[in-house]
Amino acid sequence: MAREFFVSSNVVFGKDAVKKLPDMLKEYEAKSVMVVYDAGVKMAGIAEKVLAEVEKAGAKVTVFDGVIPNPTNEVVEEAALLAQKEEIDVFVAVGGGSSIDLTKAVNILMTNPGPIGQYGGIGLVKNPVLPLIAIPTTAGTSSEITNVVALTDTKAVCKYVIIDNKIVADKVIADPEFTKTMPPSVTAATGMDAITHAVESYISNMATPLTEYHSLKGLQIFYKYLPRAVKNGADMEAREQMMLGCIIAGFGFSNANLGLVHGIAHTLSAHFHLAHGMANATVLPYVMEYNADSCP
Ligand SMILES: [Zn+2]
């Protein structure tokens, strides 16, 4: 059976990659840019570095720094209102999965009617979205290159996902230096998210030889470098390899999808506000045992 393998991101990878940002914005002829991040990114001094580059492009800049972990529909709609008011034409998302997912969701609402909840599912976004540049500061979710957004519905008390090839970030600026300030606990939790993506996409019944290659390669990298990155955050070889592994594994799971671990982990996060990677790490061994007979 013929199967599709979809990849659409343009990735600039390596030290000082952020210096490419002004040219990217000029290429889009950006007039009004929204930069999205959270308090952690601000405290680490990364927001400042990104904003300095955005300003070189000469566009009007609007900041949304109200990103929360496991972002909710309400926060998406609050940011979307601001973006519409400021007539944003390009988005820059800086941070982990929460910042990038929130920005992808806001971007949907720029060209598609609300509420955001109606796009939960696969391929339900009707209209193309605006340019989005993703700048990851963690190595885990792969949100910078995937077609997935995970949001929290506070009324139904659940997490749900929007999966659509239209919402992939157009460009990715991946500088391993930006992951250096992650404390060991966050490095471990986000890294376990990455391991879960590689494992679940590898054993997925939607896996193909192309996705399996990416999942396995990602897993090999994480196995070798995650312990090193947790032990010594300044180990730049480990930081670089973790970021690279997330991009590689992301291409795999974007196409093969995930499984029961993520299903259960999303429920744990919605009810107990557990960080996504921590929820995955908690559930992974039990689901592996449960699945073992079906995928020896
Ligand atoms: Zn995940």
Side-chain angles (χ1 to χ4, degrees), residues 3-14 17 93 95-98 100-101 104 134-150 161 163 165 167-169 172-176 178-179 182 186-230 237-263 265-266 275-281 283-285 287-288 291 295:
R3 293 285 294 274
E4 184 183 358
F5 184 81
F6 176 86
V7 180
S8 89
S9 300
N10 177 338
V11 180
V12 181
F13 187 95
S98 299
I100 300 174
D101 278 10
K104 282 161 146 177
I135 307 180
T137 62
T138 65
T141 66
S142 305
S143 180
E144 62 275 17
I145 55 108
T146 68
N147 56 358
V148 186
V149 164
V161 291
I163 301 177
N165 289 344
I167 64 176
V168 179
V172 178
I173 291 176
D175 182 347
F178 284 178
T179 64
M182 258 195 300
V186 180
T187 305
T190 52
M192 282 309 296
D193 186 25
I195 284 181
T196 309
H197 295 153
V199 171
E200 288 211 281
S201 57
Y202 185 65
I203 62 169
S204 164
N205 52 20
M206 289 177 72
T208 67
L210 266 174
T211 66
E212 283 172 357
Y213 172 81
H214 286 83
S215 304
L216 266 189
K217 186 68 201 169
L219 195 54
Q220 284 167 356
I221 292 173
F222 304 143
Y223 180 75
K224 186 168 175 193
Y225 292 100
L226 178 58
R228 273 177 55 177
V230 172
E237 189 194 359
R239 290 296 197 191
E240 191 175 304
Q241 288 295 318
M242 283 304 296
M243 194 164 228
L244 196 63
C246 283
I247 292 170
I248 293 168
F251 290 145
F253 89 82
S254 247
N255 287 279
N257 284 340
L258 299 169
L260 196 53
V261 180
H262 269 73
H266 283 326
H276 176 63
M278 187 66 93
N280 278 327
V283 178
L284 181 62
V287 173
M288 290 305 290
N291 278 339
C295 48

Would a 4.5 Å heavy-atom cut-off, applied to side chains only, mark [X] and [Y] as touching?
X	Y	result
Thr208	Asn255	no
Thr179	Met242	no
Met243	Pro136	yes
Ile248	Ile221	yes

Nearest-0.5 Å distance, [atom1] of residue [X] to [atom2] of residue [Y]:
X	Y	atom1	atom2	result
Ile100	Thr141	CD1	OG1	6.0 Å
Thr196	Phe222	OG1	CZ	10.0 Å
Phe13	Ile173	CZ	CD1	13.0 Å
Ser254	Asn165	OG	CG	7.5 Å
Thr190	Met278	OG1	CE	10.5 Å

Holding to side-chain contact (heavy atoms from CB on, under 4.5 Å), I want the full list of residues that pass it with [X], two or more places apart in sequence or in another chain.
X	answer
Leu216	Tyr202
Ala279	Ala265, Leu268, Ser269, Leu274
Thr137	Val41, Ile46, Val94, Phe178
Ser204	Met206, Ala256

Next on the checklist: Filter on side-chain hydrogen bond (donor to acceptor under 3.5 Å, both in side chains), then keep only pairs touching residues 210-219, sequence neighbours left out; what's left?
Outcome noted: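 Listed by first then second residue: Ser201-Ser215.
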Checklist entry - Which pairs pass side-chain hydrogen bond (donor to acceptor under 3.5 Å, both in side chains) with one or both residues in residues 239-251, sequence neighbours excluded? => result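 Counting only pairs at least two positions apart or across chains, the side-chain hydrogen bond (donor to acceptor under 3.5 Å, both in side chains) contacts touching residues 239-251 are Thr187-Arg239.
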Indicate the atoms forming the closest heavy-atom contact of [X] with [Y], along with that distance.
X	Y	result
Ile195	Leu226	CD1-CD2, 3.8 Å
Ile145	Phe251	CD1-N, 3.4 Å
Gly97	Thr138	N-OG1, 4.4 Å
Ala238	Arg228	CB-CB, 3.8 Å

Checklist entry - For the side chain of Glu144 and the backbone of Ala174, is there at least one donor-acceptor N/O pair under 3.5 Å apart? => result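 Between the backbone of Ala174 and the side chain of Glu144 there is no qualifying donor-acceptor contact (under 3.5 Å).
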Next on the checklist: Quick one: does any side-chain atom of Glu200 pair with a main-chain N or O of Asn257 as donor and acceptor, under 3.5 Å?
Outcome noted: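 No: the side chain of Glu200 does not pair with the backbone of Asn257.
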Next on the checklist: Going by salt bridge (charged side-chain N to carboxylate O under 4.0 Å, His left out), name the residues that satisfy it together with Arg3, two or more places apart in sequence or in a different chain.
Outcome noted: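 Not a single residue meets the salt bridge (charged side-chain N to carboxylate O under 4.0 Å, His left out) criterion with Arg3.
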[X]: side chain to side chain donor-acceptor pair (under 3.5 Å) partners, not counting sequence neighbours:
X	answer
Asn10	none
Asp193	His197, His262, His276, Asn280
Thr146	Lys104

Next on the checklist: Other residues, nucleotides and ligands only: do more than 12 of their heavy atoms fall within 6.0 Å of OH on Tyr223?
Outcome noted: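 Incorrect, the count does not exceed 12.
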